[in-house]
Amino acid sequence: MSLQVEIVHRQGSFELRGGFDAPQGLTALFGPSGSGKTTLVRAIAGLLKPQQARIAVDGAVLVDTAAGLCLPAHRRRIGYVFQEPRLFPHFTVRQNLGYGRWFAGEAKAADDARLIDLLDIGPLLARYPGRLSGGERQRVAIGRALLSAPRLLLMDEPLSQVDAVRKAEILPYIERLRDELRIPIVYVSHALDEVVRLAGHLVCLSQGGFVAAGPTAEVLTRTDLTMFAQRPDAGAVVAATVRRHDPEYRLTELACAAGSLWVPQLGHAVGSPVRVWVRAQDVTLALQPPREVSALNVLTGTIASIGHADPSTAMVAVDCGGVTLLARVTHFSVDRLQLRAGLPVHALVKSVSFPIAGHAMS
Amino acid sequence: MLSPDEWTALALSLRVAAVAVLASLPLAVLAAYLLARWRFPGIAIVDGLIHLPLTLPPVVTGYLLLLLFGTQGPLGRFLSEQLGVVLAFRWTGAALAAAVMGFPLMVRSIRLSLEAVDPRLEEAAATLGARPLWVFATVTLPLIGPGIVSGMILAFARAMGEFGATITFVSNIPGETQTLASAIYTYTQVPGADAQALRLTAVAVAVSMVALVASEWLARRGRRRVAGL
């Protein structure tokens with residue numbers, strides 16, 4: 001139930017080299033523009049012939065250049081959602097949705113109805129693509145790819161061409177697909193907020209090289225990856241559950257492995273899982289237990305690692321009972337407090353600094 | 001209104017033009033696809049050959065056809081001996097001449113619409129499981145439909161107006177190869193036949209107008225469809 005990729009592909013002076021495994025669930029391919037993400041997914045889909053590669057889905061080998069095997073795109077059964085919807089303009093929404101299913105030859109009416117329901121595209125069926133909004137088009141494109149009964153779904157920055165409002169509209173649908181369908185999804189993105197919200201597994205690309213891979217929470221808190229440390233929005237993802245709401249102060253208490261966290265009031269029911277994104281710049285470190293501070297959350301832990309972020313700041317990873325937080329501190333503070341791996345510290349997190357990253361991974 | 005001879009000339013012209021367009025259509029689509037999508041050495045020569053009838057004097061085209069497809073020509077002899085098809089001095093020859101003259105217009109129009117088709121749509125179709133021939137039939141072909149229609153109408157109009165190549169290749173035989181244009185020419189050469197010439201001229205104008213208006217209407221409809229509205 002997974003995807004395995006090994007690839008070497010050269011284009012001019014650019015070389016993509018390496019490999020990764022994507023388990024069940026959603027795997028994000030993350031990296032800056034020009035890092036080779038699109039080349040990689042095009043090779044997986046069969047739209048590009050790699051010079052050397054071995055690609056297998058669920059044990060079925062699609063490409064093995066050593067054995068001279070390279071299935072054409074139409075025989076791979078890989079759904080592809082492109083940056084732009086690419087709907088067929090001369091077909092209605094219904095005909096667009098039926099296109100892939102017709103070739104798959106596995107008509108399952110019940111699944112159709114469920115998927116159409118899941119994506120809320122029932123009311124659009126009779127329309128032509130030219131009469132849809134950008135968000136509706138992308139939802140239809142996702143439905144069309146899924147109805148072709150794929151064994152793997154590739155999504156190549158499906159939200160990069162839509163505005164923030166449409167993005168907020170589509171993201172919950174992708175979460176639902178991730179949680180309810182039994183197909184691995186490979187999601188290409190250079191937007192960290194999408195990765196944090198969607199991906200259980202993260203593969204990082206930089207200049208054609210595979211620089212990191214693993215569970216999202218682990219990869220994001222690696223202090224040796226300047227790819228993240230350099231970003232102002234670098235931070236840690238923390239899985240938690242809603243413990244209780246405080247309506248008077250409009251706060252919600254979350255429980256995570258590190259202890260309890262207070263955040264601005266959430267709409268989620270008590271007991272429901274959430275993922276929060278704690279940005280490194282919102283975390284302060286103290287050697288003594290702080291008293292009488294305004295920050296609501298004080299977690300204790302030990303320093304796991306310290307990395308160089310930029311000329312003035314360092315990134316410190318703190319292990320708080322199995323949850324790793326990141327703190328951005330100045331090099332000056334690192335030297336003054338003599339911060340080093342293994343040192344016990346207290347991490348202060350302002351309660352207002354919690355962008356909510358959707359539902360937890362199931 | 002029209003005399004039997006004039007009706008015959010009109011009917012023959014319509015038949016010659018229709019056969020010319022329909023018979024050359026598959027070849028035109030193939031040629032347009034080749035020119036728009038393939039890169040091969042010698043493409044400029046193929047392109048030039050297809051467009052040659054556009055720039056050559058029609059008499060030259062007709063004469064070349066006569067040399068190739070006449071009863072003594074290499075292709076003409078092969079066709080008559082092996083397949084029993086005679087083109088010289090027959091209406092089928094007039095259709096061939098009309099097809100050759102209209103071909104570049106048809107190819108040009110189809111090629112332009114092919115170049116406007118977004119290849120990314122064809123990629124999407126492939127990822128949905130469509131083999132290349134199906135991609136062409138279900139995505140490419142419908143999207144170039146307006147280009148095909150306008151190419152056909154242009155070629156039809158060109159075929160209706162064909163004169164030089166036709167009269168050189170298959171002569172001007174009433175009832176067999178005398179098209180509207182040849183008939184008008186004949187009448188203008190006969191003293192006192194101005195009325196007939198004028199009547200057929202009016203018919204030619206009417207047919208051309210209908211073709212152009214129909215082409216515009218179909219093109220507009222096709223553009224709406226291709227835009228996904």
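Only this structure's heavy atoms are used, side chains among them; waters, hydrogens and symmetry mates stay out.
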Crowding at [atom1], [X] (>12 non-hydrogen neighbours, <6.0 Å):
{"X": "B/L133", "atom1": "CG", "value": "no"}
{"X": "B/Y33", "atom1": "OH", "value": "yes"}
{"X": "B/R158", "atom1": "CZ", "value": "yes"}

**Message:** Using heavy-atom distances under 4.5 Å, tell me whether A/L154 contacts chain B through its side chain, its backbone, both, or neither.
**Reply:** neither

**Item:** Nearest heavy atoms of B/L128 and A/A145, plus distance in Å
**Value:** CD2-CA, 4.0 Å

**Prompt:** Hey, which of B/A125, B/G145, B/P142 has the most heavy atom pairs under 4.5 Å with chain A?
**Reply:** B/A125

**Residue part contacting chain A, namely of B/L121, when any heavy atom lies under 4.5 Å** = both

Scan chain B against chain A and return every donor-acceptor pair whose distance is under 3.5 Å.
{"from": "B/R120", "atom 1": "O", "to": "A/R86", "atom 2": "NH1", "distance (Å)": "3.2"}
{"from": "B/E123", "atom 1": "OE1", "to": "A/R42", "atom 2": "NH1", "distance (Å)": "3.1"}
{"from": "B/E123", "atom 1": "OE1", "to": "A/R86", "atom 2": "NH1", "distance (Å)": "2.9"}
{"from": "B/E123", "atom 1": "OE2", "to": "A/R42", "atom 2": "NH1", "distance (Å)": "3.4"}
{"from": "B/E123", "atom 1": "OE2", "to": "A/R42", "atom 2": "NH2", "distance (Å)": "2.6"}
{"from": "B/T138", "atom 1": "O", "to": "A/H90", "atom 2": "NE2", "distance (Å)": "2.8"}
{"from": "B/T138", "atom 1": "OG1", "to": "A/Y99", "atom 2": "OH", "distance (Å)": "2.6"}
{"from": "B/G228", "atom 1": "O", "to": "A/G130", "atom 2": "N", "distance (Å)": "2.6"}

